[in-house]
Amino acid sequence: MRTAELTVKRDALVLEEQRVAARIAKAHSDSDHDLAYILDGYSQLLAEVIDDIQGEIEDREDESDARC
């Protein structure tokens, strides 16, 4: 059950990362480089969280497979 919750959380974060990437692109096209810089930092943090969650999902799946 916890793996499913993590998958949902990861998917939501992936969507948020996509929205941030779109805002970064728009900020660059609007020449608002300060906003783009801030959003880029936020996007990098999101990517790290997504990677951590993905790793936890894979670990739980491996543990589950080992028990079977």
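Start at 1 with the first residue, then count along the sequence. Computed over heavy atoms, backbone and side chain alike; hydrogens, waters and symmetry mates excluded. Just so you know, these numbers come straight off a predicted model, no measurement behind them.
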Kindly list each side-chain donor-acceptor pair under 3.5 angstrom involving residues 59-66, sequence neighbours excluded, with atom names and distances?
residue: R60; atom: NE; partner: E56; partner atom: OE2; Å: 3.3
residue: R60; atom: NH2; partner: E56; partner atom: OE2; Å: 3.1

Inset, instruction - To the nearest 0.5 Å, tell me how far I38 CD1 sits from D32 CG. - result: 8.0 Å

Legend entry - Residues that R10 engages under side chain to side chain donor-acceptor pair (under 3.5 Å), provided they are two or more places apart: Q54

Inset, instruction - Give the minimum heavy-atom separation between I53 and L6, together with the two atoms involved. - result: CG2-O, 3.4 Å

Inset, instruction - Sequence neighbours left out, what passes side chain to side chain donor-acceptor pair (under 3.5 Å) with K26? Give chain and number order. - result: D30

Legend entry - side chain to side chain contact (heavy atoms under 4.5 Å, CB included) partners for Y42, two or more places apart: E16, V20, L46

Inset, instruction - Please collect all salt bridge (charged side-chain N to carboxylate O under 4.0 Å, His left out) contacts where either partner lies in residues 33-52, sequence neighbours excluded, each pair once. - result: none

Legend entry - Spacing of CD belonging to E17 relative to CD1 belonging to I24, to within rounding of 0.5 Å: 8.5 Å

